[in-house]
Structure formats: structure tokens, C-alpha cells
Number of protein chains: 2
Amino acid sequence: MDKDISQAVIGRLPRYLRYLGELKDKNVERISSSELSVLMKVTASQIRQDLNNFGGFGQQGYGYNVDYLYSEISKILGLEHQYNFIIIGAGNLGKALGGYLNFEKRGFILKGMFDKDPALIGTEVRDVKVMPMDDLPAFIRSNDIDIAVLTIPKEGAVLVAKVLVENGIKAIWNFAHVDLDVPEYVQVENVHLSDSLMKLSYNISSYMENNK
Amino acid sequence: MDKDISQAVIGRLPRYLRYLGELKDKNVERISSSELSVLMKVTASQIRQDLNNFGGFGQQGYGYNVDYLYSEISKILGLEHQYNFIIIGAGNLGKALGGYLNFEKRGFILKGMFDKDPALIGTEVRDVKVMPMDDLPAFIRSNDIDIAVLTIPKEGAVLVAKVLVENGIKAIWNFAHVDLDVPEYVQVENVHLSDSLMKLSYNISSYMENNK
DNA sequence: AGATTTCTGTTAAATTCTTGTCAATTACAG
DNA sequence: CTGTAATTGACAAGAATTTAACAGAAATCT
């Protein structure tokens with residue numbers, strides 16, 4: 001159906017959604033691309049171009065209806081679906097992600113947590129119990145799990161990803177510092193925190209270089 | 001000194017560094033752009049082009065020396081510096097980041113943690129005590145803090161960022177779900193986790209659309 | 001030592017992404 | 001109800017990024 005939309009465009013949609021959400025909260029009814037461009041510090045042209053990848057949501061002389069645009073972008077992002085997810089790795093990061101109530105609001109439902117550490121098994125995050133890794137395959141199958149969040153060290157991640165794929169996971173949100181090799185029908189989104197920190201490091205030291 | 005290197009290139013350097021680190025661990029001495037391109041699933045051309053932004057690290061007929069290239073990229077990324085950092089927000093995410101020993105290895109030294117919740121004050125992460133927010137300004141100044149990690153809800157983040165800037169912070173690693181407005185001499189790296197999750201959601205639902 | 005292969009750095013071409021422009025449509029004021 | 005201002009969607013122009021091509025330098029083979 002869709003031709004393909006570049007990941008650059010997709011990457012900007014959540015930010016549009018965030019600003020539109022704020023406008024909704026302020027009961028703003030309509031907004032033009034140029035007003036929005038000032039708020040968001042991007043060009044109006046880019047906003048119009050991005051939105052037009054998905055069809056015309058605005059109206060000449062009027063602009064965009066905030067509520068309508070918000071809901072259209074939500075749909076594009078697939079946020080009207082409900083996704084069941086599990087977290088593998090019940091350390092601080094796993095617990096942090098499991099505790100975010102906002103994810104639930106967006107339709108991401110935490111169904112289970114797993115860890116190999118016996119000390120953590122049985123502990124809870126928001127009524128969800130941490131289970132042993134052995135239970136993982138059966139759990140995915142019988143609970144219709146769509147997404148697995150990988151918050152374990154890179155050593156185990158590749159193997160766990162294999163198990164996930166074998167049991168029919170649709171997507172992996174990968175916080176392990178390693179590239180996963182999965183079939184193309186499994187979606188992977190990497191969050192490599194140390195990469196992000198290194199970028200910051202580059203920008204600090206490059207700024208210092210240029211201004212000393 | 002440097003002309004400006006695009007953020008796209010910078011964003012790829014940490015990944016090069018990761019692969020080179022793995023090669024180092026395997027005692028691989030040299031590698032050509034085309035071998036590396038196979039490992040990393042990018043074009044050899046891109047690797048050569050990226051590296052040449054910073055000067056010629058390779059040699060015709062030989063390729064790149066792994067150790068040398070690793071250390072050059074480390075330098076480019078500013079990883080030979082040492083950075084003092086603090087974490088603001090001692091929830092699970094803050095604790096997770098504070099606990100990463102790998103950051104220390106890269107030269108990022110955790111000097112303090114802060115939270116407004118009295119229940120958390122005095123608790124520790126790796127010998128580092130959580131302090132009350134009131135102590136923040138003085139602490140930054142007297143401990144030569146370079147980087148602040150913001151792991152607090154968006155409501156407080158804008159205000160805290162203001163305080164950070166006033167007290168001379170150089171960079172902010174921002175996990176709060178809001179765009180910070182800071183002077184251009186303060187480097188900001190955003191990690192918007194829910195944006196990342198939405199991208200994943202888009203890719204899941206777009207894949208399903210195209211393959212039903 | 002000379003011939004052959006490997007492989008970089010660099011330039012050129014192709015592609016993708018971003019920005020600017022403007023006709024056409026709609027809203028709104030008088 | 002008509003004229004003016006606002007604003008989109010589409011397209012064109014301009015930038016930036018990525019990929020390809022290749023001359024020439026170094027390594028390796030015989």
C-alpha cells in the first residue's frame with residue numbers, strides 16, 4: 001500500500017505528535033505549518049512535505065486542525081493498535097522501562113518480565129512478575145507477545161534474540177550494545193546508549209576545539 | 001580547526017569503534033574497508049569516505065591497522081578526555097545509567113546524583129550518594145562537572161536545565177521527553193525513548209500493512 | 001626485481017533529502 | 001457577496017549524502 005516513506009520522515013513524526021499533543025492540551029484548535037515551524041524550529045516546508053507523504057491533512061487558508069492531525073499521525077505510527085510486550089532483563093533499565101505508565105497509554109501493554117538471575121525472579125514491577133528465562137518460549141506463544149525489549153548485556157543478547165525469533169516475536173526494542181541479526185520480517189529498533197553518549201562527547205570536544 | 005563534519009558521519013563513528021573493538025579483542029591486526037563493510041553491512045565506499053573526513057588512516061594495498069584506527073576514532077570522539085558527570089533523577093533509569101561501569105572505562109566519571117524525592121536522598125549508587133536538588137548549583141561549580149544526565153519527568157526538566165546552564169554545565173544528556181532550550185555553547189543529546197518506541201510501532205504496523 | 005594483486009583516497013555520478021516558490025483554494029472582513 | 005489575506009499541496013531548485021569508479025601506492029607473489 002504505502003510506497004516507502006524514509007526513516008528520516010518517520011523519525012520526525014513522534015516529535016510532531018508531541019507538539020500537537022501539547023497544543024491539544026492548550027485547547028488550540030488549528031495551526032498553520034508556519035506557526036508550527038516556529039515552535040519546532042524546523043522549516044514550514046519540511047512540515048508540509050512530511051505530512052504530504054501521507055496525504056493532505058490541511059486546508060488552504062485554514063491550516064491544520066490540531067485534533068485531526070494528531071489522530072492521523074497516531075494512526076500512521078500504528079498507535080491505534082495494541083501491542084503486548086515483554087522485557088528481558090529485569091535490572092534497573094528493565095525496571096525503568098517496565099514502570100513507564102505512558103507506554104501503556106499508547107497501547108503498549110507489559111505482559112511479563114524475564115531474567116536469568118534467581119534473585120530477581122518473583123520480584124514485581126507493576127503487578128508483573130519476573131519469570132525465569134526457561135519460561136520465555138512458552139510465554140511468548142501463549143500470550144501473543146508482539147514486542148520484546150532487550151535490556152540485557154550484549155553477551156546474552158544474540159542468543160536470546162534467536163529464541164525470540166523462533167517463537168514468533170514481531171519486533172525487538174534492543175538496548176543491548178550489539179547488532180542483532182534477525183530475519184527481515186522482525187522489526188528491530190536499536191537504542192545504543194553508549195553511542196549516544198559518544199556523540200555527546202564528540203560535540204563537547206569539537207566545540208572546545210573550535211573555541212579555545 | 002575542523003571544518004564541520006555532518007552529524008550523520010559522527011553518528012556512525014561509535015559503531016565503527018564498536019566493531020573495531022571486537023576485532024581488537026580477536027587480535028585482528030588489519031582490516032580493509034571491504035572486509036569491514038561486509039561485517040557492518042554498509043558500503044566500503046561509505047567507510048572510506050567517512051574516515052577520510054578526518055584524514056587518511058589507511059594504506060593502499062594494506063588496509064587499516066585495527067589498533068591505530070581504533071585509537072584515532074577514540075580521539076575524534078573525544079574519548080581521551082575525562083568528563084565528570086552527574087545524574088539528575090535517581091529513579092530506575094538514573095540508577096541504571098549510574099551503574100554502567102562501561103561509561104567509566106570511557107572516561108565518564110560519575111560524581112554525584114540528585115533527586116527531589118526525600119526518600120531517595122542518601123541512598124547510593126556505586127558509592128555515589130543521592131543529594132537534594134538544593135545542593136545542585138554549588139556542587140556543579142565546586143566539582144567541575146561537565147555533563148548532566150537528565151532522567152526526570154519533562155515537567156521539571158526545563159527548569160532544571162536552566163539551573164544547569166546558569167552554573168556552567170557544558171553538556172546535557174537529556175532523557176526527559178521535552179526539547180530543551182539552551183544556549184548554543186551547551187551541547188545537548190536527546191534520548192527520547194518513546195519516540196524510539198513509536199518508530200518501532202510504525203515499522204511493525206507498516207510491515208503488517210504491506211504483507212497482509 | 002618485476003609483475004600482479006590489493007586496496008586506499010579522491011573525484012565524479014547518482015540518489016536522497018531539504019528548502020523555496022507559487023498557483024489554487026479557502027477563510028474572513030467589510 | 002466581493003476582495004484581500006492566509007495557507008496548503010505540488011513541484012522545482014538546491015544541498016547534502018551516498019555510492020560508484022578509478023588512478024596510483026603499497027604489498028605480495030613468483
Side-chain angles (χ1 to χ4, degrees), chain A residues 2-16 19-20 23 28-73 76 195 199 202-203 206, chain B residues 2-16 19-20 23 28-73 76 195 199 202-203 206:
Chain A
D2 293 309
K3 322 108 280 198
D4 37 278
I5 310 293
S6 81
Q7 288 292 308
V9 174
I10 305 308
R12 285 190 290 266
L13 293 182
R15 188 155 179 264
Y16 292 140
Y19 278 82
L20 290 167
L23 291 168
V28 176
E29 192 186 286
R30 61 186 248 191
I31 192 158
S32 69
S33 57
S34 69
E35 290 170 294
L36 190 55
S37 78
V38 172
L39 283 179
M40 296 188 62
K41 298 179 181 167
V42 297
T43 62
S45 210
Q46 180 163 73
I47 294 173
R48 295 204 299 274
Q49 186 89 340
D50 282 351
L51 296 178
N52 267 91
N53 279 296
F54 306 97
F57 300 136
Q59 195 156 53
Q60 286 137 320
Y62 173 89
Y64 298 87
N65 178 282
V66 172
D67 279 0
Y68 175 66
L69 187 55
Y70 183 92
S71 90
E72 286 301 309
I73 294 180
I76 293 166
D195 290 15
K199 259 197 287 179
Y202 173 86
N203 286 323
S206 141
Chain B
D2 293 308
K3 320 108 282 192
D4 39 275
I5 311 292
S6 80
Q7 288 292 309
V9 173
I10 304 309
R12 284 191 290 267
L13 295 181
R15 186 154 179 265
Y16 292 140
Y19 277 83
L20 290 166
L23 291 168
V28 176
E29 192 186 285
R30 60 187 249 190
I31 192 157
S32 68
S33 58
S34 69
E35 291 170 294
L36 190 56
S37 77
V38 172
L39 283 179
M40 296 188 62
K41 298 178 181 166
V42 297
T43 63
S45 208
Q46 180 164 72
I47 294 173
R48 295 204 298 275
Q49 191 84 284
D50 281 351
L51 297 177
N52 266 91
N53 279 296
F54 306 97
F57 300 136
Q59 194 157 53
Q60 285 136 322
Y62 173 89
Y64 299 87
N65 178 281
V66 172
D67 279 0
Y68 175 65
L69 186 55
Y70 183 92
S71 89
E72 286 300 308
I73 294 179
I76 293 165
D195 289 14
K199 260 199 283 180
Y202 173 85
N203 286 323
S206 141

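Numbered from 1 within each chain, the chains take letters A, B, ... in sequence-line order.
- Counted by atom type alone, A:T43 and A:Q46 present zero donor-acceptor pairs between their side chains at under 3.5 Å.
- Contact annotation: B:T43 does not reach the phosphate of D:dT18 (side-chain N/O to OP1 or OP2, under 4.0 Å).
- Among the atoms of the strands shown, only primed sugar atoms or phosphate atoms (P, OP1, OP2) are found under 4.0 Å from some heavy atom of A:S6.
- As a whole-Å value, the separation of A:E35 CD from D:dA6 P is 11 Å.
- Side chains of A:L51 and A:Y64 form a contact here, defined as non-hydrogen atoms less than 4.5 Å apart.
- Between the side chains of B:N203 and A:Q7, at least one donor-acceptor pair of N or O atoms lies under 3.5 Å.
- Residues A:L69 and A:F57 come closest through the heavy atom pair CD1-CD1, 3.6 Å.
- Taking atom CG of A:L69 as the reference point, atom P of D:dT8 lies 11 Å away to the nearest angstrom.
- Taking atom CD of residue B:Q46 and atom P of nucleotide D:dT17, one finds them 11 Å apart after rounding to whole Å.
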Can you give me the N/O atom pairs linking the protein to nucleotides 9-11 of chain C at distances under 3.5 Å, or say none if there are none?
unit_1: C:dG9; atom_1: OP1; unit_2: B:F57; atom_2: N; d: 3.3
unit_1: C:dG9; atom_1: OP1; unit_2: B:G58; atom_2: N; d: 3.0
unit_1: C:dG9; atom_1: OP1; unit_2: B:G58; atom_2: O; d: 3.1
unit_1: C:dG9; atom_1: OP2; unit_2: B:N52; atom_2: OD1; d: 3.2
unit_1: C:dG9; atom_1: OP2; unit_2: B:Y64; atom_2: OH; d: 2.9
unit_1: C:dG9; atom_1: N7; unit_2: B:R48; atom_2: NE; d: 3.0
unit_1: C:dG9; atom_1: O6; unit_2: B:R48; atom_2: NE; d: 3.3
unit_1: C:dG9; atom_1: O6; unit_2: B:R48; atom_2: NH2; d: 2.8
unit_1: C:dT10; atom_1: OP2; unit_2: B:N52; atom_2: ND2; d: 3.2

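- The minimum heavy-atom distance linking B:I10 with A:K199 is given by the pair CG2-CG, 3.9 Å.
- Stacking of B:R30 on the aromatic ring of B:Y62 is recorded, both the 6.0 Å distance cut-off and the 45° axial limit being met.
- Checking the phosphate oxygens (OP1, OP2) of D:dT7, no side-chain nitrogen or oxygen of A:S33 falls inside 4.0 Å.
- Considering only side-chain N and O atoms, A:R30 lies nowhere under 4.0 angstrom from the phosphate OP1 or OP2 of C:dT26.
- For A:D50 and D:dA10, the CG to P distance is 14 Å, given to the nearest whole Å.
- Here D:dT17 presents its C1' atom at 11 Å from CG of B:N53, a figure rounded to the nearest Å.
- Taking atom CG of residue B:N65 and atom P of nucleotide D:dA27, one finds them 12 Å apart after rounding to whole Å.
- The side-chain heavy atoms of A:I47 and A:R12, taken from C-beta on, include no pair separated by under 4.5 Å.
- Counting to the nearest Å, the C1' atom of C:dT16 and the CD1 atom of A:I10 are 15 Å from each other.
- For the pair A:Y62 and A:V9, both in contact range of DNA chain C, the more 5′-proximal nearest nucleotide belongs to A:V9.
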